[in-house]
Amino acid sequence: MPDGEARIAELERVAALAEATGDPRTTLDAWSELVETHLRGGERWRLFEPVRRCLDAAAGDLRAGAGRPAGPDGETLRRYQRYAVEALLGTPRIGLDQARSMLDGLADPAAAGADGTALVTQLRCRIADHVGDEPAARRWLGQWQAASPDPAAGCPGCLPVRQAELLAGWGDWAEALAAVEPVLDGPVRCTAQPEAALTGALLPWLRAGEADRAADAHVRAYRRHRVAPDGFGHLATHLRFCALGGHLERGLEILVEQLPRLDQPHEDLSVMEFAAAGALVCTLAADRWHDRAVRRPAYRQRPAAEVTVGALGAELVTIATELAGSFDARNGTGHHSGRMAAWLTERPLVPPVPLPAETAETTPEPGDEQTGSGDEQTGEPDELGALTVAMITAALDRRGDGYALDATGTVLGRWGDAVIQFRRAGERGEILHARVVAGRRLPAGRRTEAYAFCNGWNRDRLLPKAYVHDPGDGELVLAGEVTTDLAHGVAPAQVTVLVDAAVRTGVAYAAAVAALP
């Protein structure tokens, strides 16, 4: 099933049924897949309960002496725990006690091992900063920086950026720039870089008087963050750069372009910061141009309309204020309300400098802004970048194939007897996953024959990896998949080759199934 509410509901049903019937393997598989689904869907707060149930299933089997069942390994479960704790930072819908309980489980030496220090200190630092306890956050940051690496702590290329964001939030501009220097100066195996690091350096460079470097970093990074699914959380910094750097026209253009994404599922923290930064741009624009009007795009039942920047700014202030109040009510502090209020009082720091020419700027695929599922389409066929939905659809367009694109960014098409689905998987959408389902089904009584066919295919053919799925309706589904890890980046021409290969081998697989006696 494609990602969406129907799939989420079905996974919850399968997990509950597996728990009730004492099937630990299916229980772990279902809860784990539900976690991955919420990661792809953008509403990370919804993964907290599936992570808890996943951990309970694994722990229950260990207590029973059966050993860990097949499913997520120990490192994956620790990574899931990190996601659950991080969800606290993005939304007020999770209680502090819930997240701290999850964090205490990570801190248990029996669960985390000797290398868990980097993960635990990072999360304690970020939680302390989130609730406004800067002294405690600084202490934890020192321990985090001194800790040994931990694979479950997150991408090594992104961790320095998180540290820089903390330091910039405390006003330590030079230290923030020092934190991101290794990412900017050397090769980093992370598809989010260098754009995330450039964004982290934007305001420190501006405050350090290096407006030219900040302007170049903004243009380079916004090309990606403009439509990348993981770029929404960086948009507030781009808007604040425009406001504090005197680029109000540019700031209004970005704000109007990105307003539809405000209505998509995102972490509440990112929505709050985007709204506050957008309100700042509107306030400064209203001061300069008084009754300046912009066109707010239509969305769902809300029609497009011409609104003044003052009115739009007031709407955004309301959004930011309400969310900040929700965070503070949960945390028992006034930290976020004070932080957003401080943003709204900021004024330009330096005279505007010319922005570099955006010769590499490209037009996003139709619908990418609305779905939040795509990225920019790279202009050069051999230019490396992060895997995007636009690359996949462009490859199919070049082939002249028909396909459907759903709101989650899943691409679905039919080629003869083969139904093939393309989607991005992985923590950062860096994995190209193609799944083929043969049109012909076999009776459940031919299970042995189906297994023999798939084993023979996997022995003699490289792609796709074949398997048998029993949906329980008396018929067997023969499917296959091709998974390619593109964490180090991919060129559009390479995506075309991968899509071509998936289609060709998928069609051959479906034809072989159809030819069975």
For the student: nearest non-hydrogen atoms of Ala279 and Leu316, plus distance: N-CD1, 3.7 Å
Under 3.5 Å, is there a donor-acceptor pair between the side chain of Glu195 and the main chain of Arg224? no
Find out whether Val411 and Arg423 are in side-chain contact, i.e. whether some heavy atom of one side chain is under 4.5 Å from a heavy atom of the other. no
Expected output: side-chain Thr91 to main-chain Ala87 donor-acceptor under 3.5 Å: no
To the nearest 0.5 angstrom, please state how far the CG atom of Leu244 sits from the CG atom of Leu239. 10.5 Å
Who are the salt bridge (Lys or Arg N to Asp or Glu O under 4.0 Å) partners of Arg126, not counting sequence neighbours? Glu86
List the steps, then state whether side-chain contact (heavy atoms from CB on, under 4.5 Å) holds for Leu387 with Thr484. CA-CA 11 Å; Leu387 174 66; Thr484 309; over 6 Å; no
What are the two closest non-hydrogen atoms of Ile319 and Val271, and how far apart are they? CG2-CG1, 4.1 Å
Looking at every heavy atom in both Gly233 and Ser270, which two are closest together, and how far apart are they? CA-OG, 3.7 Å
Are any of the side-chain heavy atoms of Arg53 and Leu34 separated by less than 4.5 Å? no
Side chains of Tyr80 and Ser32, heavy atoms from C-beta outward: is any pair under 4.5 Å? yes
Show me the donor-acceptor pairs, under 3.5 Å and distance only, between side chains in residues 337-345 and residues at least two apart or in other chains.
residue: Ser337; atom: OG; partner: Asp328; partner atom: OD2; Å: 2.7
residue: Arg339; atom: NH1; partner: Glu273; partner atom: OE2; Å: 3.0
residue: Arg339; atom: NH2; partner: Glu273; partner atom: OE2; Å: 3.0
residue: Arg339; atom: NH2; partner: His336; partner atom: ND1; Å: 3.2
residue: Thr345; atom: OG1; partner: Ala342; partner atom: O; Å: 2.8

Checking Asp129 now: which residues fulfil side-chain hydrogen bond (donor to acceptor under 3.5 Å, both in side chains) with it, not counting sequence neighbours? Trp170
Short question: side chain of Arg330, backbone of Ile94 - any donor-acceptor pair under 3.5 Å? yes
With sequence neighbours left out, the residues meeting side-chain hydrogen bond (donor to acceptor under 3.5 Å, both in side chains) with His247 are none
Any pair with a residue in residues 490-504 that passes salt bridge (Lys or Arg N to Asp or Glu O under 4.0 Å), sequence neighbours left out, goes on the list, sorted by first then second residue, please. Arg399-Asp500
Indicate whether the side chain of Tyr403 and that of Gln421 have a donor and an acceptor atom separated by less than 3.5 Å. no
Gly246 to Pro352 - nearest heavy-atom pair and separation: O-CB, 3.8 Å
salt_bridge(Glu5, Arg46) N-O dist < 4.0 Å: yes
Any side-chain heavy-atom pair from Leu486 and Gln494 closer than 4.5 angstrom? no
Ignoring hydrogens, what is the shortest heavy-atom contact between Ala30 and Leu11? Give both atom names and the distance. CB-O, 4.0 Å
How far apart are the C-alpha atoms of Leu312 and Leu259, what are their side-chain angles, what is the distance that settles it, and do they pass the side-chain contact (heavy atoms from CB on, under 4.5 Å) test? CA-CA 10 Å; Leu312 179 58; Leu259 276 176; 4.1 Å; yes
dist Leu123:CG -> Leu89:CG (nearest 0.5 Å) comes out at 7.5 Å
With a 4.0 Å cut-off on N to O distance, would you call Glu49 and Arg52 a salt bridge? yes
List for me each residue that meets side-chain hydrogen bond (donor to acceptor under 3.5 Å, both in side chains) alongside Arg296, sequence neighbours excluded, and say none if there are none. Glu315
Find out whether Leu77 and Cys54 are in side-chain contact, i.e. whether some heavy atom of one side chain is under 4.5 Å from a heavy atom of the other. yes
Hey, could you give me the CG/CD distance between Leu255 and Gln258, rounded to the nearest 0.5 Å? 9.0 Å
Does either side chain, that of Gln122 or that of Arg82, offer a donor lying less than 3.5 Å from an acceptor on the other one? no
Donor-acceptor under 3.5 Å (Thr410 side chain, Asp406 main chain): no
Is the centre of the Phe327 ring less than 6.0 Å from the centre of the His130 ring? yes
Residues in side-chain hydrogen bond (donor to acceptor under 3.5 Å, both in side chains) contact with Glu165, at least two apart in sequence or another chain: none
Arg226 side chain vs Gly231 backbone, donor-acceptor pair below 3.5 Å: no
4.5 Å side-chain heavy-atom contact, Arg347 and Thr283: yes
Could you pull out all residues at least two apart from Phe232 that satisfy ring pair (Phe, Tyr, Trp, His ring centres under 6.0 Å)? His266, Phe274
Nearest-0.5 Å distance, SG of residue Cys155 to CD of residue Glu430: 9.0 Å
Calculate, to the nearest 0.5 Å, the distance between atoms CG and SG belonging to Leu355 and Cys242 respectively. 7.5 Å
Any heavy-atom pair between the side chains of Leu141 and Glu175 that's under 4.5 Å? no
Residue set satisfying ring pair (Phe, Tyr, Trp, His ring centres under 6.0 Å) with His234, at least two apart, ordered chain then number -> His225
How would you list, by chain and number, every residue that makes a salt bridge (Lys or Arg N to Asp or Glu O under 4.0 Å) with Glu134, sequence neighbours excluded? Arg138
Taking atom CG of Leu103 and atom CG of Leu119, what is their separation to the nearest 0.5 Å? 8.0 Å
Full working for side-chain contact (heavy atoms from CB on, under 4.5 Å) between Leu202 and Tyr222: CA-CA 11 Å; Leu202 270 183; Tyr222 186 65; over 6 Å; no
Could you list all the salt bridge (Lys or Arg N to Asp or Glu O under 4.0 Å) pairs where at least one residue sits in residues 481-496, not counting sequence neighbours? Lys465-Glu481
When you compare the side chain of Leu235 with that of Arg261, does any pair of heavy atoms fall below 4.5 Å? yes
Test side-chain contact (heavy atoms from CB on, under 4.5 Å) on Leu349 and Leu203 and set out the steps. CA-CA 10 Å; Leu349 300 171; Leu203 298 184; over 6 Å; no
For residues 207-217, tabulate all N or O donor-acceptor pairs below 3.5 Å that involve a side-chain atom, not counting sequence neighbours.
residue: Arg207; atom: NH2; partner: Glu346; partner atom: OE2; Å: 2.9
residue: Glu210; atom: OE1; partner: Arg213; partner atom: NH1; Å: 3.4

Nearest atoms (heavy-atom pairs only) where Pro356 meets Val219: CD-CG2, 3.7 Å
